[in-house]
2 protein chains.
Amino acid sequence: MKKSTVMNTLKKRIREHKYKFTTQRQIILQAFLSSKENHLSAEDIYEMVRGENPDIGLATVYRSLELFTSLDLVKKLDFGDGRSRYELNDHNLSHSHHHLICLGCGRVIEFTSDFAEEIRSRIKKKNGFNIVDYQLKFYGYCKDCQKQHPEYSEKEPQI
Amino acid sequence: MKKSTVMNTLKKRIREHKYKFTTQRQIILQAFLSSKENHLSAEDIYEMVRGENPDIGLATVYRSLELFTSLDLVKKLDFGDGRSRYELNDHNLSHSHHHLICLGCGRVIEFTSDFAEEIRSRIKKKNGFNIVDYQLKFYGYCKDCQKQHPEYSEKEPQI
DNA sequence: ATATGTGCAAATTTTTTGCACGTAA
DNA sequence: TTACGTGCAAAAAATTTGCACATAT
């Protein structure tokens, strides 16, 4: 889909909820759209955005990310590196995507799967819990790290 | 299993790796074993542990948790409340347990499932990624919150 | 016009670190 | 005995907040 179309959708979502579509909010969303890396920290976004608007404050970035998260435009993630990371929430994806986190080099690889519906109804029955979203993270070793450290290919008992 | 047996296993694991089994480390592990709540923050543990040993420092709690996590005795979790939470890693559980996080009241419910092995081999084939561990979090609404807010029972499109 | 949002600086909260002293093995 | 661990206080890092000013609707 075209980026400008995505931006219009985001704009619409923000306005639907009676929030203002400010320059700052637009620039921050733009940063997500133009970034090659899609797991951005508040600081990352702050740095990217300063090029476009040097006066923007880090607090605004945090406040925007909080708003976007509450509107479900963005997902807040934690890869265990001490800061939160954010990614655009792609509602068009029919299969949710998840993260493979390499314990060797720290790289985060995306991966799609659609086991959700099945588990969803199972849980609804068992716990009465109504699932709206989920996050799945895998920890392990990527191909490259396994090549460099053959012991990383062993099947560990923990799982 | 008896708690004293569990403690002995933990002690053994720590010593196997040439770390000392100090009073502080024991008290902290004891806190996990005796706590009713099993998702503890560093601060929670600090408070619990001060009863037993008032001189213990918060830094020691953090350092111990880091060590325990690296030895896989403990898992570090993030429920999005701004602080890390830790739980004893129960290797005896053949089916891993996961978390249902209620967006209404914040309650965290545990839930077991064993879909892992299946996904594990699928990923190994597809990405060459060797999975050692994984974390699965579900967000939604618990029974009680659905009772109070019928709209929480609606099936949301995001998943 | 005005409710909502922003920038700035300060405050808060969580986690980490340096160093002199203590202790398990 | 001695390498490893701890307490304390200070630092660092991440996030939040208060307030006067700015702006989208």
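We name chains A, B, ... by the order of the sequence lines, and we start the count at 1 in each one.
- The aromatic ring centres of A/H149 and A/Y141 sit 6.0 Å or more apart.
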Worksheet item: B/E52 and B/Q30: side chain to side chain contact (heavy atoms under 4.5 Å, CB included), yes or no, with the steps?
Response: CA-CA 10 Å; B/E52 202 67 25; B/Q30 201 55 252; over 6 Å; no
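- Atom NZ in B/K12 sits about 16 Å away from atom P in C/dA25, given to the nearest Å.
- If you take CZ of B/F68 and C1' of D/dG5, they are 12 Å apart, rounded to a whole angstrom.
- Shortest non-hydrogen contact noted between B/F129 and A/Y139 is CE2-C, 4.1 Å.
- Taking the ring centroids of B/F111 and B/F138, they lie under the 6.0 Å cut-off.
- Within the model, atoms NZ of B/K124 and CD1 of B/I131 stand 9.5 Å from one another, a figure rounded to the nearest 0.5 Å.
- Taking the centre of each ring, A/F79 and A/H99 come in below the 6.0 Å mark.
- B/Q146 and B/S153 share a donor-acceptor pair across their side chains, judged by distance under 3.5 Å alone.
- The two residues B/H39 and B/E110 have their closest heavy-atom pair at NE2-OE2, 2.9 Å.
- When the nearest nucleotides of DNA chain C are assigned to B/R15 and B/S84 by heavy-atom distance, the more 5′-ward of the two goes with B/S84.
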Review item, nucleotides 8-13 of chain D N/O atoms under 3.5 Å of protein N/O:
unit_1 : atom_1 : unit_2 : atom_2 : d
D/dC8  : OP2    : B/D55  : O      : 3.2

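- Between B/N130 and B/I123, the closest side-chain pair of non-hydrogen atoms is not below 4.5 Å.
- The separation between A/D44 atom CG and D/dA14 atom C1' is 13 Å, rounded to whole Å.
- Scanning residues 18-31 of chain B for heavy-atom distances under 4.0 Å to DNA chain C yields B/K20, B/F21, B/T23.
- For the pair B/E66 CD and C/dT14 P, the computed distance is 18 Å after rounding to whole Å.
- Between B/H17 atom NE2 and C/dA25 atom P the separation is 15 Å, expressed in whole Å.
- Whole-Å rounding puts the A/Y46 OH to C/dG7 P distance at 9 Å.
- As a whole-Å value, the separation of A/D78 CG from C/dT14 P is 15 Å.
- Taking atom OH of residue A/Y62 and atom C1' of nucleotide C/dT6, one finds them 17 Å apart after rounding to whole Å.
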